[in-house]
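Just so you know, ligand 1 is whichever comes first in the structure, and atom 1 is the first atom listed for that ligand. Note that the structure is a prediction, hence the values are computed from the model and not measured.
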Amino acid sequence: MRIALIGFMGSGKTTIGRRLSEMLEYSFIDLDEEIEKAAHASPAELFKLYGEGTFRSIESKVLEQLGAADADFVLACGGGVVEQARNREVLRKHFLTVWLDVPFDEVARRLSGESGRRPLWTESDGKAAQPISSHSSLENKNEVLYNRRQALYAECADLVYRCEEPEGHDASALHVYELIEQRGG
Ligand code: S3P
């Protein structure tokens, strides 16, 4: 079975995915790492050198190849994989797709200081004091992206793991494992 974990940046897809793959005795694949292998550049470098469009088209090709693979694995997707309709179609058709739905405040807390590695997470560089209005507009930009994507995650999820209370990734992986088992996977 091919299992895809989707969710916003900072929702724990990679850590939970790795743990889940051990529980299921499946291999673990990280989509961003596969993109890096294919393009010989990290996602952050691809964004910087060629722009988001180039990154998204490589992301789609790699996802399509994985969707066609006859193997058991857990795939941790990048947070923006749902941006393209063709990817949502691949996720719906070829994967058991699990959405890690973590509240905005929690992902914001986890992502603080991560903007270098995550080009779409905007924050002040901390070097200059930010006027209150500019700070709140950065928060707002992240929150707008988060809110817009919620509907896209919902559109392709077979299972939703809603993480209301902060808990360790091991506990989350176990909950996701149980959801998959209950579904008869
Ligand atoms: C992205 C999320 C990143 C990475 C790229 C784009 C996004 O992955 O794929 O920077 O659009 O949300 P993570 O969700 O693992 O941070």
Side-chain angles (χ1 to χ4, degrees), residues 2-21 27-67 73-91 95 97-123 125 138-157 159-163 166 168-169 172-173 176:
R2 290 174 297 265
I3 297 173
L5 298 188
I6 59 169
F8 201 70
M9 294 172 262
S11 57
K13 299 172 298 270
T14 303
T15 317
I16 294 171
R18 228 178 256 291
R19 188 74 198 95
L20 179 67
S21 70
S27 345
F28 173 74
I29 302 175
D30 184 275
L31 188 57
D32 280 347
E33 276 178 21
E34 295 305 303
I35 294 167
E36 182 160 355
K37 281 187 214 157
H40 305 288
S42 71
E45 285 164 345
L46 291 170
F47 267 77
K48 201 167 162 200
L49 293 171
Y50 308 109
E52 183 173 353
T54 300
F55 171 80
R56 294 287 171 219
S57 77
I58 302 168
E59 183 179 50
S60 289
K61 282 192 195 121
V62 175
L63 180 71
E64 265 162 34
Q65 282 164 5
L66 290 167
F73 60 88
V74 175
L75 175 70
C77 297
V81 74
V82 294
E83 291 282 356
Q84 298 197 80
R86 67 192 262 209
N87 294 355
R88 298 199 294 277
E89 175 84 13
V90 170
L91 287 168
F95 290 87
T97 299
V98 185
W99 173 21
L100 304 182
D101 183 12
V102 177
F104 178 76
D105 288 349
E106 177 61 15
V107 296
R109 192 186 64 74
R110 294 181 193 172
L111 291 172
S112 165
E114 285 274 315
S115 60
R117 216 164 54 83
R118 290 183 160 99
L120 290 181
W121 180 258
T122 319
E123 69 189 319
D125 61 10
L138 288 178
E139 296 248 304
N140 190 268
K141 202 171 162 196
N142 292 326
E143 205 161 356
V144 166
L145 180 67
Y146 176 96
N147 288 333
R148 189 171 59 72
R149 285 186 178 170
Q150 292 294 95
L152 304 178
Y153 295 130
E155 194 187 312
C156 36
L159 296 169
V160 183
Y161 174 58
R162 196 156 280 121
C163 192
H169 285 331
S172 297
V176 173

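Protein heavy atom closest to atom 10 (O) of ligand 1, with residue, atom name and distance, is Pro119 CD, 3.5 Å. Residue, atom and distance of the protein heavy atom nearest to atom 16 (O) of ligand 1 are Arg118 NE, 2.6 Å. The protein heavy atom nearest to atom 7 (C) of ligand 1 is Gly80 N, 3.3 Å. Looking from atom 8 (O) of ligand 1 to the surrounding protein, the closest heavy atom is Asp32 OD2, 3.0 Å.
Not one N or O of Phe55 is nearer than 3.5 Å to an N or O of ligand 1, by distance alone.
Less than 4.0 angstrom separates some heavy atom of Gly78 from each of these atoms of ligand 1: 8 (O), 9 (O), 14 (O). Near Gly79, with a cut-off below 4.0 Å to any heavy atom, the atoms of ligand 1 are 2 (C), 7 (C), 8 (O), 12 (O), 13 (P), 14 (O).
The proximity of Glu52 to ligand 1, defined as any non-hydrogen pair under 4.0 Å, does not occur for either the backbone or the side chain. By the criterion of a heavy-atom distance under 4.0 Å, neither the backbone nor the side chain of Glu33 is placed next to ligand 1. With a 4.0 Å heavy-atom cut-off, ligand 1 is reached by the side chain of Lys13 but not by its N, CA, C or O.
Of the candidates Arg149, Arg56, Glu59, it is Arg149 that places a heavy atom closest to atom 12 (O) of ligand 1.
The pair Glu106-Arg109 counts as a salt bridge, with a side-chain nitrogen and a carboxylate oxygen less than 4.0 angstrom apart. Salt bridge annotation for Glu89-Arg86: absent, with no cationic side-chain nitrogen under 4.0 angstrom from a carboxylate oxygen. Taking a cutoff of 4.0 Å between a charged side-chain nitrogen and a carboxylate oxygen, Glu45 and Lys48 do not qualify as a salt bridge.
When side chains are defined from C-beta on, Tyr161 does not count as touching Ile16, because their heavy atoms never get closer than 4.5 Å. Counting heavy atoms from C-beta on, the side chains of Leu100 and Ser172 never come closer than 4.5 Å. Side chains of Leu31 and Leu66 form a contact here, defined as non-hydrogen atoms less than 4.5 Å apart. At a threshold of 4.5 Å between non-hydrogen side-chain atoms, the residues Trp99 and Glu155 do not count as touching. By the 4.5 Å heavy-atom criterion applied to side chains, Val102 and Arg110 are counted as neighbours.
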